[in-house]
Trainee: 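If you scroll down you'll find the structure; I have some questions about it.
First the proteins, then the strands, lettered A, B, ... as listed; each starts at 1.
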2 protein chains.
Amino acid sequence: MRDMPGHLARRFQQIAVAVFLAEVEAAGFDLTPVQYAALAAIAANPAIDQITLAGLIAYDRTTITGVIDRLAQKNLVVRRASARDRRSRELLITEEGRRTLEAITPAVEAAQRLMVRGLTRTEARELIRLMQKAIAAGNELSRAPLREGAGPERQ
Amino acid sequence: MRDMPGHLARRFQQIAVAVFLAEVEAAGFDLTPVQYAALAAIAANPAIDQITLAGLIAYDRTTITGVIDRLAQKNLVVRRASARDRRSRELLITEEGRRTLEAITPAVEAAQRLMVRGLTRTEARELIRLMQKAIAAGNELSRAPLREGAGPERQ
DNA sequence: TACTGATGATCAGCATACTGATCAATAACG
DNA sequence: CGTTATTGATCAGTATGCTGATCATCAGTA
């Protein structure tokens, strides 16, 4: 059991979330890993729509509604109706959102280091590389694959 | 973002769960990764109580109630009042549970291989080793740490 | 232009995970 | 023995994630 990738994946994620939440709370904030990722992506991509955002950070499209709900409730982002497509909502970070994002970054970085504190620097880099490689090969297997930023049309 | 251990952990777990569910469903079963782990642990530890089970597979104690509820509803396990401690429930696998566990094993093993199909055999082994090492160092950081089987008293 | 299909968002329902509380029963102690 | 602390289990509440459905809107085509 203890050498099954699936079990280890669940366990590592479990610890990663706990470390993230602890660091962020110690810094005086109340933001989940998923909320942080969404906030950062919105900051980097103003007026992004929810589907594109989902692709950027590999969320399920139905999950994102609730995440944005909670970010909006905390006044960190704003949902705005799109002018050119009335189905979609444009997402924008607020001033408070931007301040929060900046202030929280050190805690997030500390959490990343803590997650792999049992590894040497070389091992940590190797773990990251191997996870990236495995993820790339399995990207299409989940309902929420990563979609590269649209950018200029790829053929 | 794409080299943050926390993000990669979430993504790898996401794929691992999707692969597991797909393989198990293709084999004709309806069991989640968590339910499988619990079922296997109960099979290997007859009359285990829920708290000890939680420690063996690193579940939160409040999560396990629902998991066992669902396994019991599928007639795969039975909850029995303990004679020596009336607070606790002894968990036992049923005949159907044992048949299911045996029949499902090939699908579970196939899923484990699929999760790391982008890696060479050596890389997969290294990923497993590094995750184990990181997890061991972070074990106490989550609310649901792994607890070694009680076995004969450790001092 | 009317129809058809695709798309963005949301919803209902279910299964993990967690926080923190409660309750019954047991263990530990004076 | 009785008080206190601990422990096994559960519950309420919240946040991901997923399946599958619905609704409004848009795009493409006959």
Trainee: Report the residue (A/Ala18 or A/Arg79) whose heavy-atom-nearest nucleotide on DNA chain C is the more 5′ of the two.
Mentor: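 Its nucleotide being nearer the 5' end, the pick is A/Arg79.
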Trainee: Looking at B/Lys74 and B/Glu96, is any side-chain nitrogen of the basic one under 4.0 Å from a carboxylate oxygen of the acidic one?
Mentor: no
Trainee: Between C1' on D/dA24 and CD1 on A/Ile51, what's the gap in Å once rounded to a whole number?
Mentor: 14 Å
Trainee: Can you tell me how far P of C/dT10 sits from OH of A/Tyr59, to the nearest Å?
Mentor: 15 Å
Trainee: Verify side chain to side chain donor-acceptor pair (under 3.5 Å) between A/Arg10 and A/Gln13, making sure each step is shown before the conclusion.
Mentor: CA-CA 5 Å; A/Arg10 173 179 152 282; A/Gln13 217 258 333; over 6 Å; no
Trainee: Which nucleotide, in any strand shown, forms a Watson-Crick or G-U wobble pair with C/dT19, with both distances under 3.5 Å?
Mentor: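 D/dA12 is the nucleotide pairing with C/dT19.
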Trainee: Describe the nucleic acid contact of B/Ser88 in one word from base, sugar-phosphate, nothing, applying a heavy-atom distance below 4.0 Å.
Mentor: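 If one applies the 4.0 Å heavy-atom cut-off, B/Ser88 turns out to touch the sugar-phosphate alone, with no base involved.
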Trainee: Atom CG of A/Asp69 to atom P of C/dC11: distance rounded to whole Å?
Mentor: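 Value for this atom pair: 7 Å.
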Trainee: Which part of the nucleic acid, if any, lies within contact of A/Asp85, taking any heavy atom under 4.0 Å across all strands shown: a base, the sugar-phosphate backbone alone, or nothing?
Mentor: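 It contacts sugar-phosphate atoms only.
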Trainee: Which pair of non-hydrogen atoms, one from B/Ala43 and one from B/Leu101, has the smallest distance, and what is that distance?
Mentor: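 Answer, listing the atom of B/Ala43 first, then B/Leu101: CB-CD2, 3.5 Å.
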Trainee: Between C/dA9 atom P and A/Arg80 atom CZ, what is the distance in whole Å?
Mentor: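 About 13 Å, once rounded to whole Å.
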Trainee: From C-beta outward on B/Val34, which listed nucleotide comes closest to its side chain: C/dT16, C/dT10, D/dT10?
Mentor: C/dT16
Trainee: Please tell me which of A/Thr65 and A/Arg10 maps to the more 5' nucleotide of DNA chain C, matching each residue to the nucleotide holding its nearest heavy atom.
Mentor: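 The residue whose closest nucleotide sits nearer the 5' end is A/Thr65.
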Trainee: Select from A/Gln13 and B/Ile64 the residue whose nearest nucleotide in DNA chain D is closer to the 5' end of that strand.
Mentor: B/Ile64
Trainee: For D/dT19, does OP1 or OP2 lie under 4.0 Å from any side-chain N or O of A/Arg143?
Mentor: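 A/Arg143 to D/dT19 OP1/OP2: side-chain N or O found under 4.0 Å.
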Trainee: Between C/dT16, C/dA9, D/dA15, spot the one nearest the side chain of A/Asp49, thanks.
Mentor: C/dA9
Trainee: What integer distance in Å separates A/Arg147:CZ from C/dG8:P?
Mentor: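 The answer, rounded to whole Å, is 12 Å.
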Trainee: With respect to the side chain of B/Thr62, which nucleotide from C/dA17, C/dA9, D/dT10 is positioned closest?
Mentor: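 Between C/dA17, C/dA9, D/dT10, the one nearest the side chain of B/Thr62 would be D/dT10.
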Trainee: Donor-acceptor pair, A/Gln14 side chain versus B/Ala58 backbone, under 3.5 Å?
Mentor: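 Yes.
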Trainee: With a 4.0 Å cut-off on heavy atoms, is A/Thr32 in touch with a base, just the backbone sugar-phosphate, or nothing at all?
Mentor: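 Sugar-phosphate: the residue A/Thr32, judged by heavy atoms under 4.0 Å, touches backbone atoms but no base.
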Trainee: Can you measure from CZ (A/Arg2) to NE2 (A/His7) and round to the nearest 0.5 angstrom?
Mentor: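 A/Arg2 atom CZ to A/His7 atom NE2 measures 6.5 Å (nearest 0.5 Å).
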Trainee: Assuming nearest nucleotide by heavy-atom distance, tell me which of A/Gln35 and A/Arg61 is located more 5' along DNA chain D.
Mentor: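 In this pair, the answer is A/Gln35.
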Trainee: Take atom CD of B/Gln14 and atom C1' of C/dA17, then tell me their distance rounded to the nearest Å.
Mentor: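 To the nearest whole Å, that distance equals 16 Å.
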Trainee: With respect to the phosphate group of D/dT10, does any side-chain polar atom (N or O) of B/Gln50 fall under 4.0 Å of OP1 or OP2?
Mentor: yes
Trainee: Check whether any side-chain nitrogen or oxygen of A/Arg70 sits under 4.0 Å from OP1 or OP2 of D/dT16, and answer yes or no.
Mentor: yes
Trainee: What is the distance, rounded to the nearest whole Å, between atom CG of B/Asp60 and atom P of C/dA21?
Mentor: 15 Å
Trainee: Under 3.5 Å, is there a donor-acceptor pair linking the side chains of A/Ser82 and A/Asp85?
Mentor: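 A/Ser82 vs A/Asp85: no donor-acceptor pair found between side chains.
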Trainee: Go through the N and O atoms of the side chain of A/Arg87 and the base of C/dT7, and report whether any donor-acceptor pair is under 3.5 Å.
Mentor: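 Check passes, donor-acceptor contact within cut-off.
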Trainee: Starting at CZ of A/Phe20 and ending at P of C/dA17, how long is that distance when rounded to a whole Å?
Mentor: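 It works out to 18 Å between those atoms.
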Trainee: Any side-chain N or O of A/Arg86 less than 4.0 Å from the OP1 or OP2 oxygen of C/dG8?
Mentor: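 So the side-chain polar atoms of A/Arg86 never come under 4.0 Å of the phosphate oxygens OP1 or OP2 of C/dG8.
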